[in-house]
Every structure is written in structure tokens, then in C-alpha cells.
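Here the structure comes first, spelled out in C-alpha cells, and everything after it is commentary.
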Amino acid sequence: MPSFDVVCEANMIEVKNAIEQSNKEISTRFDFKGSDARIEHKENDLTCYADDDFKLSQVKDVMINKMAKRNVDVRFLDYGKVEKIGGDKIKQVITIKKGVSGDLSKKIVRLLKDSKIKVQASIQGDAVRVTGTKRDDLQAAIALMRKDVTDTPLDFNNFRD
């Protein structure tokens with residue numbers, strides 16, 4: 001039976017490249033001269049450091065622009081709260097979403113059941129497996145999810161015939 005998986009994963013290579021480009025631009029910009037503004041990348045966390053709120057927003061703008069140029073969807077980013085660190089410096093942790101959350105996977109399964117498309121959806125950990133008898137039904141399911149699920153970027157991979 002034809003099937004595919006619905007996942008939510010950012011291209012981590014492109015994220016890494018965007019962070020490196022952002023740090024390079026931040027180090028050369030005049031308005032960051034003498035500032036400790038930077039972005040650090042560890043696993044699925046990005047940490048933005050800056051001197052004040054305005055510079056922090058500028059750091060995030062540079063990062064978002066670089067990610068957009070590298071075709072990384074900014075809906076993968078989950079912003080934490082701004083924390084004060086020693087002196088007048090601040091930081092913000094940004095988490096990169098990975099995997100389809102429980103609520104979203106239930107929403108996808110409900111959406112496919114209510115649509116009357118002849119496919120079955122099952123939750124497989126942090127992915128949703130969709131199976132059907134015809135390839136056309138699976139393509140209709142993909143089109144439906146692209147149209148109705150707009151809050152999280154979805155990828156469709158592991159397509160089997």
C-alpha cells in the first residue's frame with residue numbers, strides 16, 4: 001500500500017549556515033561595534049546575546065533575514081523569554097521545533113478522517129504515517145494538509161509506492 005510520513009524538521013545544515021552568516025554580518029556592522037552581540041548554536045537551541053532589547057531585536061532580524069534567504073521557514077523557531085545576564089547584557093533562547101507535536105498530530109488525523117479521503121493516518125512517535133490504496137488519494141491528502149495546517153511547516157517524506 002502506498003504511504004508517506006508527515007514530519008516537521010528544519011534543514012539543520014541551512015540553519016547552521018544562516019547562523020554563521022548572521023554572526024559574520026553582526027561582527028562587521030557599525031551599529032554593533034564594541035558590542036557583545038552574537039548567536040550561538042547548540043543542537044536544537046539558538047542563543048542570542050546582546051547589550052539591550054533594541055540590539056537583541058536587531059540580532060533576531062539579521063538571523064531571520066539570513067534564514068529566509070536560505071529557505072529555512074521561520075515558523076520552526078520557538079522564542080523563549082528574554083533573560084538578564086551579568087551587568088546590562090541580555091540573552092534569549094530560541095528553540096528549533098523538531099517533530100510533529102501531539103496536538104498537531106491529533107489535528108492532522110482528525111482533519112484526514114473528516115475529509116472523507118480514503119486514507120488512514122496513524123501517529124508514529126513524532127511523525128504521522130498516512131496510507132491509502134491509491135497514489136491520487138495520498139496526493140489529495142498532501143494538498144489538504146498544505147492548505148489547512150498553516151501554523152507549522154510540514155514536510156512529506158518516505159513516500160512509498
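Quantities reported herein were computed from a predicted structural model and do not represent experimental measurements.
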Going through the distances and angles, do M12 and H41 end up as a side-chain contact (heavy atoms from CB on, under 4.5 Å)?
CA-CA 10 Å; M12 294 309 283; H41 179 221; 3.8 Å; yes

About how many Å separate OH of Y49 and CG of D36, when rounded to the nearest 0.5 Å?
9.0 Å

Taking all non-hydrogen atoms of both residues into account, name the closest pair between P153 and C8 and its distance.
O-SG, 3.4 Å

From M67 atom CE to L77 atom CG, the distance as rounded to the nearest 0.5 Å
5.0 Å

Would you check, one step at a time, whether the test side-chain contact (heavy atoms from CB on, under 4.5 Å) holds for F4 with N158?
CA-CA 5 Å; F4 67 90; N158 206 12; 5.9 Å; no

Looking at side-chain heavy atoms only, is the closest gap between L56 and C48 below 4.5 Å?
yes

Between D126 and V100 (side chain of the first, backbone of the second, donor and acceptor by atom type, cut-off under 3.5 Å), is there such a pair?
no

State which residues pass side-chain contact (heavy atoms from CB on, under 4.5 Å) with D78; sequence neighbours excluded, sorted by chain then number.
T95, K97

Would you check if there is a donor-acceptor pair between the side chains of Q120 and K113 at a distance under 3.5 Å?
no

Only one of K60, E83, K81 passes side-chain contact (heavy atoms from CB on, under 4.5 Å) with Q92; say which it is.
K60

Might you confirm whether atom CD1 of I13 has over 12 heavy atoms from other residues, nucleotides or ligands at distances under 6.0 Å?
no

Donor-acceptor pairs are to be reported for all side-chain atoms of residues 135-151 against protein atoms at under 3.5 Å, with residues two or more places apart or in another chain.
| unit_1 | atom_1 | unit_2 | atom_2 | d |
| --- | --- | --- | --- | --- |
| R135 | NH2 | D161 | OD2 | 2.6 |

Would you say CZ of R160 has more than 12 non-hydrogen atoms from neighbouring residues, nucleotides or ligands within 6.0 angstrom?
no

Let's go through L154 and I108 carefully: what are the C-alpha distance in whole Å and the side-chain angles of both, what is the deciding distance for side-chain contact (heavy atoms from CB on, under 4.5 Å) to 0.1 Å, and is it a yes or a no?
CA-CA 11 Å; L154 297 176; I108 290 171; 4.1 Å; yes

What's the separation between atom NZ in K98 and atom CD in E9, rounded to the nearest 0.5 Å?
4.5 Å

Could you state the interatomic distance from CG (L46) to CD1 (I39), rounded to the nearest 0.5 Å?
7.5 Å

Chi angles and distances behind the side-chain contact (heavy atoms from CB on, under 4.5 Å) call for I123, V109
CA-CA 8 Å; I123 300 170; V109 170; 4.0 Å; yes

Rounded to the nearest 0.5 Å, what separation is found between the OG1 atom of T47 and the NZ atom of K91?
6.0 Å

Lys/Arg N to Asp/Glu carboxylate O, R110 vs D114, below 4.0 Å
yes

Check the side chains of S22 and E20 for a donor-acceptor pair under 3.5 angstrom, ignoring hydrogens and angles.
no

What is the minimum heavy-atom distance between S3 and T131, and which atoms define it?
CB-CG2, 3.4 Å

Would you check if the side chain of D52 reaches a backbone N or O of K55 as a donor-acceptor pair within less than 3.5 Å?
yes

From D53 CG over to I90 CD1, what is the distance, rounded to the nearest 0.5 angstrom?
4.0 Å

Which residues pass the side-chain hydrogen bond (donor to acceptor under 3.5 Å, both in side chains) test with D51, not counting sequence neighbours?
S35, K89

Check whether any side-chain heavy atom of F156 lies under 4.5 Å from a side-chain heavy atom of D5, and answer yes or no.
no

